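Presented below is the structure to which this report refers.
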Amino acid sequence: MKKGQIVEGIVTKVEFPNKGIAAVEGEEQRVVVKNAIPGQKLCIAVNKIRKGKAEGRILSVIEPSPIEIPSQCPHFGACGGCTYQNIPYEQQLQMKSDQVKSMMDEAVNGSYIWEGILPSPVKTGYRNKMEFSFGDEYKCGPMALGMHKRGSFHDIVSVPECRIVDEDYRSILKCTLEYAEKSGLPYYHRMKHTGFFRHLLVRKAVKTGEILIDLITTTQYEGFDGAGWVNALLGLELSGRIAGILQTRNDSVADAVKDEGTEVLYGQNYFYEELLGLKFKITSFSFFQTNSLGAEMLYEKVREYIGDTRDKVIFDLYSGTGTIAQILAPVARKVTGVEIVEEAVGAAKENAKLNGLDNCSFWAGDVLKVIDELGEVPDLIVLDPPRDGVHPKALEKITNFGVERMVYIACKPTSLARDLEMLQGRGYRVERVGGIDLFPGTYHVETVALLTRKAP
């Protein structure tokens, strides 16, 4: 097999994350392709041969997989937001379960209990936050507002019928695009670094129905009629209630939503969501699980794994807005959260006060540095790190506490698999592992592991 060769292959399996393994007739070597599903026969362009491994891109589907079904979303395939909407949900779960279990089987020393993947309570309209991007669907084409085109950094696909959000999001999306087009102001060009409209951020609480809308723009142009956009949004017939409409300035060249100053155009700059009987105040950029009903299942699993917390001191490391800390606090002696994002720490303190919890404390800073300053020794630890996992030096300090039980929550199971090597090497045993599907239609999955300290 050579670089540039066109081959036909049948996808035998899909490994995390989204790596289809295609067998090519007459070749021992397999080709790795993205966005494939088991059983498809593909025409593939080989674009990389490295260390005996071949990588390619799909040119066409010669024969569909026996498990393929029509997607309910008209944007599927063009939009890069979802990968598995053309697979029945039960088989999505099975594929994710097989992928994560395979990783854990390799990473775990000895036996452990694999609990499978729990399904999301809702399969469509499950997201409580979306970041839409402005751009064009093709070079010099009309303005678009939606998601990045699959495999493209530049092109944007308008997604007025997106299925992973509810009708309120779709109405707000259409309204904002129409208003942006009428304004005559240009979208922000990612290569030229010029333009005005950059992103639209929409958040909606499942339990309270409150909606927060934030338009992210540059400061390169004047004349945007924010009041007119607000009136257009307030005129929409929505099932939820708009709590706030904001405009955030962002002149950074990075293609990411960044807050360089926010103006409240209507209402307030926050809304409230409820989880497991507790209330949480959320701002535009607060971290909060994007599937509220699924998050309740995740946190119930954490409570189950952590076990008896009476009279215990718990560290919630990488605590975000303190959701886990506050869910554990009512049945613990004390919970201490550590989070590097100062805004999130401020929100955590405010939420604890809102929920009448006086046994929670929150520290702002890097876990690696702050953990030495906490001045106490925990009985139990919950880890919920960012996608890349825990820094090895931080993990060393965490294991030095020698706690009886530790729960590790991973939004990227490959990071968990990597960190388990060190955790097991420092005296911990993996007891149970399970997953919660917070992201139906995509390859993402939340994974939770219970570790206990081995007897000396």
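Predicted model only: the values in this text are computed from it and were never measured. By convention here, the first residue in the shown sequence is residue 1.
Tyr305 and Glu115 form a side-chain donor-acceptor contact under 3.5 Å, judged by distance and modelled atom types alone. Between the side chains of Asn351 and Thr321, not a single donor N or O lies within less than 3.5 Å of an accepting N or O. Under the 3.5 Å distance criterion, with hydrogens and angles disregarded, no donor-acceptor pair is assigned to the side chains of Glu404 and Thr452. Judged purely by distance below 3.5 Å, without hydrogens or angles, the side chains of Asp259 and Thr262 pair a donor atom with an acceptor atom. A donor-acceptor pair shorter than 3.5 Å can be found between the side chains of Asn18 and Asn35. Side-chain N/O atoms of Thr336 and Glu376 include a donor and acceptor closer than 3.5 Å. Side chains of Gln40 and Glu68: a donor-acceptor N/O pair is present below 3.5 angstrom, by distance only. Using modelled atom types and a 3.5 Å distance limit, the side chains of Tyr408 and Asp384 yield no donor-acceptor pair. At a cut-off of 3.5 Å, with distance as the only test, a side-chain donor of Lys204 or Ser239 sits close to an acceptor on the other residue. Side chain to side chain, Asp166 and Tyr126 fail the donor-acceptor criterion of an N or O pair below 3.5 Å. Side-chain contact, Arg426 with Asn400: a donor N or O sits under 3.5 Å from an acceptor N or O.
Checked for salt-bridge contact, Lys312 and Asp308 miss the test: no charged N lies under 4.0 Å from a carboxylate O. Ionic pairing of Lys149 and Glu137 is not present here: no N-O contact between side-chain nitrogen and carboxylate oxygen is shorter than 4.0 angstrom. A salt bridge links Lys281 with Glu350: the closest approach of a Lys/Arg side-chain nitrogen to an acidic carboxylate oxygen falls below 4.0 angstrom. Ionic pairing of Arg170 and Glu167 is present here: one or more N-O contacts between side-chain nitrogen and carboxylate oxygen are shorter than 4.0 angstrom. A salt bridge is defined here as a Lys NZ or Arg NE, NH1 or NH2 lying under 4.0 Å from an Asp or Glu carboxylate O, and Glu55 with Arg50 meets this definition. Arg203 and Glu210 are not joined by a salt bridge, as no carboxylate oxygen comes within less than 4.0 angstrom of a charged side-chain nitrogen. Contact check on Lys301 versus Glu296 returns no salt bridge, with no Lys/Arg side-chain nitrogen under 4.0 Å from an Asp/Glu carboxylate oxygen. Under 4.0 Å is where a charged nitrogen must lie from a carboxylate oxygen, and between Glu131 and Arg198 no such pair does.
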- Would Asn355 and Lys279 count as a side chain to side chain contact (heavy atoms under 4.5 Å, CB included) if you check the C-alpha gap in whole Å, the side-chain angles of each, and the deciding distance to 0.1 Å? CA-CA 6 Å; Asn355 289 309; Lys279 202 169 185 179; 3.8 Å; yes
- Evaluation steps, salt bridge (charged side-chain N to carboxylate O under 4.0 Å, His left out), between Glu8 and Lys41: CA-CA 7 Å; Glu8 293 183 2; Lys41 185 176 183 180; 3.8 Å; yes
- Item | Verdict with reasoning, Glu260 to Thr248, per side chain to side chain contact (heavy atoms under 4.5 Å, CB included) | CA-CA 7 Å; Glu260 295 179 344; Thr248 292; over 6 Å; no
- Task: Report the C-alpha distance between Leu451 and Leu420 in whole Å, list the side-chain angles of each, state the deciding distance to 0.1 Å, and finish with yes or no for side chain to side chain contact (heavy atoms under 4.5 Å, CB included).
- Result: CA-CA 9 Å; Leu451 297 100; Leu420 284 180; 3.7 Å; yes
- Step-by-step side chain to side chain contact (heavy atoms under 4.5 Å, CB included) determination, Met406 to Leu383: CA-CA 8 Å; Met406 190 183 303; Leu383 295 170; 3.8 Å; yes
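Nearest heavy atoms, Cys162 versus Cys73: CA-SG, 4.3 Å. Scanning all heavy atoms of the two residues, the minimum distance from Asn359 to Ala329 falls at ND2-O, 2.9 Å. The shortest heavy-atom contact between Ile44 and Ala22 is CD1-CB, 3.8 Å.
Distance check, rounded to the nearest 0.5 Å: CD of Glu343 to CZ of Phe285 gives 8.0 Å. Separating the CG atom in Asn128 from the CD1 atom in Ile282 is a distance of 6.5 Å, to the nearest 0.5 Å.
Within the 4.5 Å cutoff, no side-chain heavy atoms of Pro119 are placed close to those of Asp437. Residues Leu328 and Val331 are not in side-chain contact: their nearest non-hydrogen atoms beyond the backbone lie 4.5 Å or more apart. Using a 4.5 Å cut-off on side-chain heavy atoms (C-beta onward), Phe288 and Thr323 make contact. Counting heavy atoms from C-beta outward, Asp214 and Leu200 have side chains that stay 4.5 Å or more apart. For the pair Ile156/Met147, no side-chain contact is recorded, criterion being any heavy-atom separation below 4.5 Å from C-beta on. In this structure, Val11 and Leu42 have side chains that are in contact, with non-hydrogen atoms separated by less than 4.5 Å. The side-chain heavy atoms of Leu293 and Val206, taken from C-beta on, include a pair separated by under 4.5 Å. For the pair Val403 and Arg453, the minimum side-chain heavy-atom distance is 4.5 Å or more.
Every residue two or more places apart in sequence or in another chain that forms a side-chain contact (heavy atoms from CB on, under 4.5 Å) with His199 is listed here: Ser133, Ile216, Asp255, Val257.
Residue Lys34 places its NZ atom among 12 or fewer non-hydrogen atoms of other residues, nucleotides or ligands, all under 6.0 Å distant. Residue Glu25 qualifies as open at atom CD: its count of foreign heavy atoms under 6.0 Å is 12 or below.
Residues Phe401 and Phe315 place their aromatic rings such that the two centres sit under 6.0 Å apart. Under the 6.0 Å cut-off for aromatic ring centres, Tyr272 and Tyr270 qualify, their centroids lying closer than that.
In this structure a side-chain-to-backbone donor-acceptor pair under 3.5 Å is missing from Glu106 to Met103.
When Val367, Leu368, Leu395 are each tested for a side-chain contact (heavy atoms from CB on, under 4.5 Å) with Val390, only one passes: Leu395.
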